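Everything below concerns the one structure shown next.
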There are 2 protein chains.
Amino acid sequence: MLSQFKWMSMPQKQVKLIDIANKLNVSIGLVSIVLSGKSKERRISDELAAKVIETAKALGYRPNQLARGLRTGKSGIIGLLVADISNPFFGKMARYIENEAAKLEYQVMFGSSDENPEKLENLVNMFASRQVDGMIIVPVFQSESFLLSLQEQSIPFVFIDRYCEGVDEDAVVSDNYLGSYQLTSLLIKKGYGKIAAFANDLHLSNIKDRMHGYTTALKDSGLNYPVEDFIFEVDFDQLDTRLEAMLKQALENGCDAFFFANNKLGISSLKYFDKVGLTIPEDIGIVCFDNPEAFQVAKPGITCVEQPIELMCAKAINILSRKIEGKTESKPERISLPGKLIVRESC
Amino acid sequence: MLSQFKWMSMPQKQVKLIDIANKLNVSIGLVSIVLSGKSKERRISDELAAKVIETAKALGYRPNQLARGLRTGKSGIIGLLVADISNPFFGKMARYIENEAAKLEYQVMFGSSDENPEKLENLVNMFASRQVDGMIIVPVFQSESFLLSLQEQSIPFVFIDRYCEGVDEDAVVSDNYLGSYQLTSLLIKKGYGKIAAFANDLHLSNIKDRMHGYTTALKDSGLNYPVEDFIFEVDFDQLDTRLEAMLKQALENGCDAFFFANNKLGISSLKYFDKVGLTIPEDIGIVCFDNPEAFQVAKPGITCVEQPIELMCAKAINILSRKIEGKTESKPERISLPGKLIVRESC
DNA sequence: TTGTAGGCGTTATCAC
DNA sequence: GTGATAACGCCTACAA
């Protein structure tokens with residue numbers, strides 16, 4: 001009779017410390033001590049401790065982390081702020097952060113800024129409001145002032161993927177300069193003479209470093225042309241509308257090779273080249289920073305640099321947890337980890 | 001002198017209700033009322049309200065959501081439990097969930113189960129412990145009993161991507177049957193006669209439905225061969241070691257076309273086919289459920305079904321928020337949303 | 001229209 | 001060894 005209404009069965013009240021205290025006729029404090037694993041140092045008798053633990057399990061007790069957090073001042077949550085969680089690069093980052101955080105018993109909350117400083121600020125404020133113990137932040141253009149003010153507050157954070165000019169805070173990034181230098185040099189070695197560079201936002205530290213690697217490789221090879229004419233900037237939100245036009249222009253400028261500063265640009269351009277019937281690597285050479293799955297499947301495979309995401313995340317969490325525990329006597333540092341050059345057939 | 005020690009400047013104490021109450025010589029309750037936007041209904045004078053809001057802003061007040069949550073019983077957090085956040089499919093899902101949740105002022109916490117029921121259970125328990133207001137769950141094989149027990153508790157949840165046999169709870173999935181039927185039918189129409197199907201875990205509801213679409217399409221076309229010999233199951237963690245062997249066996253069995261039940265299988269197989277020099281679509285035909293970026297870039301492009309992830313997420317959050325608000329008079333339902341068939345050149 | 005006080009579930013500091 | 005009791009920061013009857 002009742003079973004057909006099972007789906008509207010009443011919520012069960014959460015069991016709390018006092019419930020198990022009552023059941024055992026002991027004080028609530030005692031239960032708290034035992035369940036937070038301090039039986040030994042408080043010298044609670046083994047049998048009592050065992051009984052407490054047992055009935056806690058029997059009753060299905062689950063500590064209320066809100067209450068615990070309020071009392072202890074630690075939420076056990078880490079905030080991850082990326083540009084866009086649906087970008088596979090950040091997706092992988094989220095996964096590794098999750099893994100590393102779990103080892104330290106942290107849960108992770110995430111947010112996507114869409115490279116928008118207001119969104120980032122909002123998210124950071126929300127996270128702070130939720131008392132996250134720390135944050136891992138991918139800073140965006142024009143967020144300096146806000147991030148500076150964040151430093152004044154008590155909540156620790158570390159940058160990842162890019163650092164923020166003017167904000168002296170720990171950061172762990174891949175070696176954008178080196179990777180780009182290698183990629184560009186390879187293009188040159190293969191005989192390409194006019195190499196265009198495409199980037200999304202020339203203000204970002206990682207992109208700057210990539211561009212620096214590109215220009216330096218050109219200079220070192222004695223290649224000499226007005227580099228400004230060969231660097232193209234395309235915002236992600238203009239990708240569909242403007243990318244093709246710029247690609248076309250680069251081609252008209254006589255470019256015979258392309259260095260893409262991130263996976264999205266690379267992938268979108270691939271489609272364009274296919275559409276207009278350019279063959280790679282004969283007509284044009286291609287290299288790209290970052291190694292999405294598409295580059296392995298593409299024909300020819302795309303030569304690229306794979307970022308050491310896992311290592312970056314481990315390092316970031318490591319630094320962050322030390323900061324959270326307050327043992328950070330050292331000055332902030334910028335850690336730059338080398339990626340892996342993956343040579344395929346696109347140049 | 002001091003500036004060089006800026007990086008070790010002292011944390012600032014969080015400003016709270018009482019701070020702004022003191023500053024204004026009003027009671028803390030008054031401040032609370034104003035800041036939670038209840039000035040009107042409590043008929044607080046406009047000027048007082050304005051003053052409160054102003055100094056709150058001036059002092060940089062940020063409500064402590066732990067305290068608020070403890071008091072109100074709502075954390076404002078939604079838990080998202082996927083198989084693996086680094087899988088682009090789930091990454092996109094996370095993004096849309098984030099967007100939808102933000103509209104309702106929810107933050108989202110995520111966790112990856114790796115298709116492992118113990119991990120899922122742990123994560124769900126942690127989330128419950130953190131008092132999430134609700135969860136969106138991608139159920140995994142052998143999690144029925146645990147999920148049933150979760151139903152007994154007061155925390156609302158909804159399934160996404162797959163439902164869970166034996167657990168009568170709301171679920172929103174893509175129309176796995178239909179998509180697979182279309183894909184398989186297309187293969188048949190193109191003249192392929194022996195079609196193998198590859199899947200990761202035949203126990204999962206979505207995979208089951210995909211297999212059902214595949215087998216039904218075969219039957220409807222009068223194709224008659226021992227289907228059991230043409231269905232291959234490869235776990236994700238065996239991908240590298242076993243996939244190739246199975247692909248090889250399928251080929252030896254005379255298969256001339258392949259239906260892949262998810263993007264990972266499809267992408268990995270593509271690499272194999274390339275390695276052994278099979279040309280698509282001449283030697284073999286290929287279709288796949290799900291539309292990762294790689295399939296657009298691959299040559300030839302891979303025919304596939306794109307899942308309506310955005311719609312699924314909107315629906316899921318919609319249902320969940322109604323449940324959270326307690327207005328759910330209806331029985332749980334399983335919503336199945338059709339995807340989009342994308343025909344490319346792989347068959 | 002505003003102030004007071006109790007309590008949300010825990011932890012921690014005391015006494016006993 | 002164990003048990004009261006006071007916070008943590010906020011909300012919300014209920015008084016005034």
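Within every chain, numbering begins at 1; the chains are lettered A, B, ... in the order of the sequence lines, protein sequences first and strands thereafter. Quick caveat, the model's predicted, so the values are computed rather than measured.
- In terms of position along DNA chain C, the nucleotide closest to S45(B) lies nearer the 5' end than the nucleotide closest to the other residue of the pair S45(B) and V15(A).
- In this structure, T72(B) OG1 and D133(B) CG are separated by 8.0 Å, a value rounded to the nearest 0.5 Å.
- Side-chain atoms of D19(A) come within 3.5 Å of backbone atoms of K16(A) as a donor-acceptor pair (strictly under, hydrogens ignored).
- Within the structure, no pair that satisfies the ring-ring contact (aromatic ring centres under 6.0 Å, His included) test touches residues 59-87 of chain B, not counting sequence neighbours.
- Under the rule for a salt bridge (Lys or Arg N to Asp or Glu O under 4.0 Å), the partners of K323(A) that lie at least two apart in sequence or sit in another chain are E169(A), D170(A).
- For the ring-ring contact (aromatic ring centres under 6.0 Å, His included) test, residues two or more places apart in sequence or in another chain that qualify with F110(A) are F110(B).
- Here the shortest heavy-atom pairing between S112(B) and K119(B) reads O-CD, 4.3 Å.
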Worksheet item: Along nucleotides 3-9 of chain C, 5' to 3', which nucleotides get a B, which get an S, and which get a -, given that the test is a protein heavy-atom distance under 4.0 Å?
Response: BB-BBBB

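- Just one of I160(A), D161(A), L147(A), L81(A) meets the side chain to side chain contact (heavy atoms under 4.5 Å, CB included) condition when paired with P139(A); it is L147(A).
- Five base pairs at each end of the helix from dT1(C)-dA16(D) to dC16(C)-dG1(D) define two local axes, and these are offset by 50° (rounded to 10°).
- Residues that satisfy the ring-ring contact (aromatic ring centres under 6.0 Å, His included) test with F157(A), not counting sequence neighbours, are F159(A).
- Rounded to whole Å, atom P of dT2(D) lies 12 Å from atom NZ of K40(A).
- Listed pair S32(B) / dC10(D) fails the phosphate criterion, with no side-chain N or O lying under 4.0 Å from OP1 or OP2.
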